[in-house]
Amino acid sequence: MAVATGLIVANLYYCQPLIILIADEFKIPHADAGTIAYLTQAGYAIGLFFMVPLGDKLERKTQILYTTFASVIALIIAATAQSYLVLEIASLLIGITSIVPQLILPLAASLSAPENRGKVVGTIMSGLLVGILLSRTLSGFIGEVLGWRAMFWIAAGLCMLLFFIIKKQFPYNKPVFQGSYGKLIGSLFTLIKEQPLLREATLINVFSFAQFGAFWTTMVLLLSAEPFNFNSATIGLFGIVGASGALAAPLVGKLGDKGSSRVAVGYGCALIALSFIVFYFSAASVVGIVIGIVLIDIGLQGVHISNQTRVYSIMPEARNRMNTVFMSFSFLGTAAGSAFGLFLWQFGGWHALALGCLLLSFLAFLVYAFTYKAKAKRVESVKG
């Protein structure tokens, strides 16, 4: 399951190191080519909101298989695109059909014992995060050697191979929701209204994912320009640095099993904020950027895995829908962050990007602190 999540979620990030190559082929400004990055993330958010809830109504393995096959078709459309508009449409479709990891995670959580759930989620998240980060390394190398289209062809082949492996290896899982699709989607808003922990975890994730998206989208523009002038293969190597931080994911999951998830969220927010302080002073420093990447990736894992473990701890019968709310808004944050990052880059370059993301860190801390105080007041009121 960890391997499957890593290989499929990678589809969302192959395009990032290829932005310069794609812009040059279609003869558009480099910053404009960055739109495919946030269209992919936006498509993922759409797929999460409208398709993942079906995991509580449909048999999950069947849904995973159909969605994986659809991903193959979307990747082929991208590989054969003859205009940038078609590539933008394909990017949106790639995002929509790459939701399989968010179908696998609730499946794994439902199969695991409660006392090991955090560890299981952390292990699968390790695969997912390695896929996210190493996808950039692979994509940068393939793009430089074989061209950007080759990467999408290879991705389509990998997803087709996964289709047959999933068909043979994954267990079947009985759905629990008996209502209509309309009631299923409507229940998402009921969950948002009635679950304060879900609201808190989701909002913190939105701000954290926005910073993550802003950084990785604009980093390509920074490293391809003066004083670095790196090609796509070299830029992709920075993904290896981030992948080293994915080793922390099972450890974060264990913290969740010990009841320390919310504490880990706070530390994760602090590490993300620290990363952008480092980035601010590293506009011309490879060492500084490497240190910042390690900090932001470990920090994001601390926030995301801990919040996801907390969300999975409530209402097991609605796990797919809880995950839908949590992840769809998180990736809307990534898409908005990518667009925000491109805006800041055009407005004031790298330093504006770092300062803008520090503002997002401050907002995440506000949510973290405010919800804690609100909870403390409720407890005090009950005791009174």
Side-chain angles (χ1 to χ4, degrees), residues 7-52 67-102 131-133 135-136 138-140 142-143 146-160 209-210 212-221 232 235-236 239 327-328 330-343 345:
L7 287 176
I8 294 177
V9 81
N11 295 339
L12 300 172
Y13 301 95
Y14 287 136
C15 65
Q16 290 182 356
L18 304 175
I19 285 173
I20 306 303
L21 297 175
I22 290 169
D24 290 344
E25 176 170 330
F26 290 112
K27 295 180 174 56
I28 59 176
H30 292 174
D32 289 353
T35 58
I36 60 172
Y38 63 76
L39 280 172
T40 305
Q41 301 296 333
Y44 194 65
I46 292 169
L48 282 167
F49 194 84
F50 290 104
M51 294 171 64
V52 170
T67 309
T68 301
F69 188 76
S71 189
V72 173
I73 296 172
L75 289 162
I76 291 174
I77 293 172
T80 56
Q82 296 302 308
S83 71
Y84 187 66
L85 176 60
V86 172
L87 183 59
E88 287 181 308
I89 295 170
S91 297
L92 190 69
L93 293 174
I94 288 170
I96 291 171
T97 58
S98 294
I99 58 160
V100 169
Q102 303 310 321
I132 289 173
L133 298 164
S135 61
R136 300 180 176 97
L138 175 64
S139 178
I142 294 296
L146 301 175
W148 66 267
R149 294 179 186 275
M151 187 63 253
F152 289 104
W153 281 114
I154 291 171
L158 288 173
C159 284
M160 199 67 243
F209 272 57
F212 188 75
F215 167 72
W216 281 103
T217 300
T218 54
M219 186 200 72
V220 177
L221 303 176
S232 64
I235 293 171
M327 290 306 302
S328 60
S330 295
F331 275 87
L332 276 176
T334 307
S338 297
F340 184 52
L342 291 170
F343 168 77
W345 174 266

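This is a predicted model, so every value here is computed, not measured.
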Between [atom1] of [X] and [atom2] of [Y], what distance do you get to the nearest 0.5 Å?
X: I96; Y: S91; atom1: CD1; atom2: OG; value: 11.0 Å
X: M151; Y: S232; atom1: CE; atom2: OG; value: 11.5 Å
X: L75; Y: T80; atom1: CG; atom2: OG1; value: 10.5 Å
X: L92; Y: I46; atom1: CG; atom2: CD1; value: 5.0 Å
X: D32; Y: I19; atom1: CG; atom2: CD1; value: 11.0 Å

*Would I94 and F152 count as a side chain to side chain contact (heavy atoms under 4.5 Å, CB included) if you check the C-alpha gap in whole Å, the side-chain angles of each, and the deciding distance to 0.1 Å?*
CA-CA 10 Å; I94 288 170; F152 289 104; 3.9 Å; yes

Given side chains that start at C-beta, do those of [X] and [Y] come closer than 4.5 Å, heavy atoms only?
X: F50; Y: I99; result: no
X: C159; Y: L7; result: no
X: I76; Y: W153; result: yes
X: Q41; Y: Y13; result: yes
X: M160; Y: T68; result: no
X: I22; Y: I36; result: yes
X: L18; Y: L21; result: yes

Which atom of [X] lies closest to which atom of [Y], heavy atoms considered:
X: P101; Y: I8; value: CD-CG2, 3.9 Å
X: A90; Y: A74; value: CB-O, 4.1 Å
X: A70; Y: T97; value: CB-CG2, 3.7 Å
X: T218; Y: G341; value: CG2-O, 3.2 Å
X: G213; Y: S338; value: O-OG, 3.5 Å
X: A10; Y: G131; value: CB-O, 3.6 Å

Has [X] got a side-chain atom pairing as donor or acceptor with [Y]'s backbone, closer than 3.5 angstrom?
X: Y44; Y: S328; result: no
X: R136; Y: G236; result: no
X: E25; Y: A23; result: no

*When you look at I154 and I142, which way does the side chain to side chain contact (heavy atoms under 4.5 Å, CB included) test go after all the steps?*
CA-CA 9 Å; I154 291 171; I142 294 296; 3.9 Å; yes

*What residue among F49, F209, Y38 forms ring pair (Phe, Tyr, Trp, His ring centres under 6.0 Å) with F331?*
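Single ring pair (Phe, Tyr, Trp, His ring centres under 6.0 Å) partner of F331 among F49, F209, Y38: F209.
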
*What residues, two or more places apart in sequence or in another chain, satisfy side-chain contact (heavy atoms from CB on, under 4.5 Å) together with I20?*
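Once residues adjacent in sequence are excluded, the partners of I20 under the side-chain contact (heavy atoms from CB on, under 4.5 Å) criterion are D24, H30, V220, L221, S224.
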
*T35 vs Y84, side chain to side chain contact (heavy atoms under 4.5 Å, CB included): CA-CA, chis, key distance, verdict*: CA-CA 10 Å; T35 58; Y84 187 66; 2.7 Å; yes

_Intermediate values then yes/no, side chain to side chain contact (heavy atoms under 4.5 Å, CB included), V52 and M327_ = CA-CA 10 Å; V52 170; M327 290 306 302; over 6 Å; no

